[in-house]
Amino acid sequence: MENKDFEFDKEEQDLWEQLGKINTPNPSPASRTRFYAMLDTYQNELESKKEKSFQAVFERLKQAFQYKPAYNWAYALVLLALGGMIGYFSGKTTANETLANRETVEQLSSEVQEMKQMMMLSMLENPTATERLKAVSYTQELSTVDDQVIDALLTTLNFDQNENVRLVTLEALIQLAHHPKVREGLVQSLLKQESPLMQVALADAMVKLQEKRSVKQFKKLLKKDNLNNSVKSKIEKTIQVLS
Amino acid sequence: MLSVKADNLDKMGLLFERYHRVLFAFLYHSTGQAAISEDLVQTVFYRMLKYRHTFTGDGEFRTWMYHLARNVLNDYFKKNQRVIYQEDITSISERNQAEPSADFQLEKKQESEALHQALAKLSPEYREVLILSRFQELSYQEIADVLKTSEGNIKVKVHRAMKELKNIYLKSSSTL
């Protein structure tokens with residue numbers, strides 16, 4: 001490449017030409033040998049460095065996983081943390097799963113309620129008084145009672161042959177007094193009871209529930225001929241209390 | 001060079017074969033010492049290996065190579081401050097033996113000697129641009145890239161270098 005693009009004088013021009021003709025010696029053949037030897041050495045060094053660094057990493061890993069008695073606490077903590085994490089993540093459920101689980105539980109509990117109700121109703125028809133007593137006591141385990149149960153209990157209250165069963169039924173119905181149908185049934189039951197014990201118990205119940213509608217029924221009861229005297233005085237007191 | 005950068009070091013042999021002569025010439029004309037220049041060539045290639053990751057591939061490989069070579073030269077001159085430029089004329093005739101005739105050889109040898117001596121007396125700054133321009137046959141733009149300056153600046157430097165070379169050469173011829 002001829003670089004000169006400006007004016008030289010004659011001497012400068014000659015010198016420029018002469019410079020171009022100056023011979024440059026060639027490097028000796030030994031220089032090539034030296035270069036390849038240097039390249040080989042460099043490559044070998046690089047390889048051994050790579051191996052060394054790999055070995056160093058391997059050694060460190062080995063050391064890290066070697067058991068050291070001094071680190072017992074650390075191992076214990078790590079295991080504890082791992083256990084905690086596994087427990088946390090395996091026990092964790094999504095919102096959808098929770099909702100589905102809740103629905104299943106609700107469905108199951110309503111099914112159980114239905115079963116209990118059915119069992120109670122069938123037990124109320126059992127000829128044995130003990131079984132009927134058990135059936136009445138089951139009503140306390142029912143979270144919700146429907147009209148069918150109330151009707152069954154009121155029937156038992158009015159018509160069961162066994163006095164104890166009727167008394168227990170009365171107790172059970174008092175617990176369900178928030179239900180208007182129960183209150184109405186209890187008031188109507190006053191005239192249906194022949195037993196003095198039941199009449200007194202109902203009188204107490206009416207006072208307890210402050211059921212003023214019962215006064216009319218009690219007055220009707222007082223007109224009955226075969227009324228026990230002690231019952232009569234009890235009813236009179238009850239009428240006084242309620243009116 | 002990009003293969004070398006990617007740790008494909010066998011390709012370095014290819015670069016050596018292609019460039020070691022021009023590199024040697026540059027170093028030889030800068031130091032005037034063949035044996036030392038050979039050592040410096042080795043150093044430049046060693047640095048190419050060592051600093052291969054610094055080659056970005058944006059510029060030319062030659063520019064990067066001269067950049068490394070200049071650094072190696074500077075280091076050499078710093079370490080050997082007394083050694084500036086010593087003409088080792090014998091090496092030319094010893095190494096290049098195929099000359100046509102004895103007279104012609106003698107005449108050429110004398111011319112070369114005088115010119116080399118004049119070159120040796122030039123300031124390193126001027127000597128460098130003449131070497132890169134005339135011996136290495138780099139364009140002004142390439143020289144400007146190596147020296148990180150403008151092309152115009154290089155033109156001015158070459159012009160001034162030639163004027164100074166002429167003065168030195170004429171002075172030495174008149175004293176002979």
Side-chain angles (χ1 to χ4, degrees), chain A residues 1-68 71 78, chain B residues 7 9-10 12-13 16-17 20-29 34-35 37-39 41-43 45-46 49-50 88 91-96 99 108-109 111-112 114-116 118-119 130-140 142-143 154-156 158-159 162-163 165-166 169-170:
Chain A
M1 192 180 294
E2 194 74 9
N3 270 325
K4 184 180 75 67
D5 59 354
F6 40 74
E7 285 302 311
F8 281 142
D9 61 23
K10 176 77 176 64
E11 285 155 332
E12 284 167 2
Q13 185 62 42
D14 286 347
L15 273 177
W16 184 260
E17 298 297 329
Q18 255 182 281
L19 274 177
K21 287 174 190 166
I22 284 182
N23 279 325
T24 306
N26 287 324
S28 69
S31 127
R32 182 176 279 104
T33 320
R34 277 175 65 195
F35 166 76
Y36 284 106
M38 184 267 286
L39 187 62
D40 268 357
T41 317
Y42 189 86
Q43 277 177 313
N44 289 338
E45 273 176 15
L46 209 67
E47 285 299 314
S48 68
K49 262 186 197 170
K50 274 183 192 169
E51 276 172 22
K52 271 181 193 168
S53 64
F54 176 74
Q55 274 181 345
V57 170
F58 184 70
E59 281 300 314
R60 272 187 206 165
L61 274 174
K62 225 166 102 178
Q63 276 181 357
F65 286 99
Q66 257 174 1
Y67 176 74
K68 295 184 189 80
Y71 295 161
V78 168
Chain B
D7 282 351
L9 300 187
D10 290 333
M12 199 67 198
F16 179 82
E17 295 302 338
H20 84 283
R21 279 192 184 83
V22 282
L23 195 59
F24 172 80
F26 170 69
L27 295 164
Y28 171 75
H29 289 299
S37 301
E38 279 185 10
D39 287 348
V41 167
Q42 296 292 327
T43 313
F45 276 100
Y46 178 75
L49 283 170
K50 197 174 172 186
D88 180 17
S91 58
I92 298 177
S93 50
E94 278 167 13
R95 284 159 190 264
N96 303 336
E99 290 291 340
K108 292 288 281 181
K109 192 182 169 186
E111 274 177 17
S112 282
L115 202 55
H116 258 107
L119 204 59
L130 284 186
I131 291 168
L132 288 172
S133 163
R134 202 67 188 111
F135 298 120
Q136 302 301 108
E137 298 190 330
L138 259 63
S139 70
Y140 290 141
E142 283 172 319
I143 300 169
I154 297 299
K155 280 181 188 174
V156 173
V158 170
H159 200 237
M162 282 308 292
K163 283 202 179 306
L165 185 71
K166 181 185 76 178
Y169 185 73
L170 290 177

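Per chain, numbering begins at 1; letters A, B, ... match sequence-line order. Only a predicted model underlies this, so the values are computations on that prediction, with no experimental measurement involved.
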Quick check for you: among B:Lys163, B:Gln42, B:Lys50, which has the greatest number of heavy-atom pairs under 4.5 Å with chain A?
B:Gln42
Which portion of A:Asp9 sits near chain B, non-hydrogen atoms under 4.5 angstrom:
side chain
A:Gln43 side chain to A:Glu47 side chain, donor-acceptor N/O pair below 3.5 angstrom
no
Which distance, rounded to the nearest 0.5 Å, do you find between the OH of A:Tyr36 and the CZ of B:Phe45?
9.5 Å
Min side-chain heavy-atom separation B:Leu165-B:Met162 under 4.5 Å:
yes
Could you please spell out the steps behind the salt bridge (Lys or Arg N to Asp or Glu O under 4.0 Å) verdict for A:Arg34 and B:Asp39?
CA-CA 9 Å; A:Arg34 277 175 65 195; B:Asp39 287 348; 2.9 Å; yes
Could you look at B:Tyr46 and say if it's the side chain, the backbone, both or neither that has a heavy atom under 4.5 Å from chain A?
both
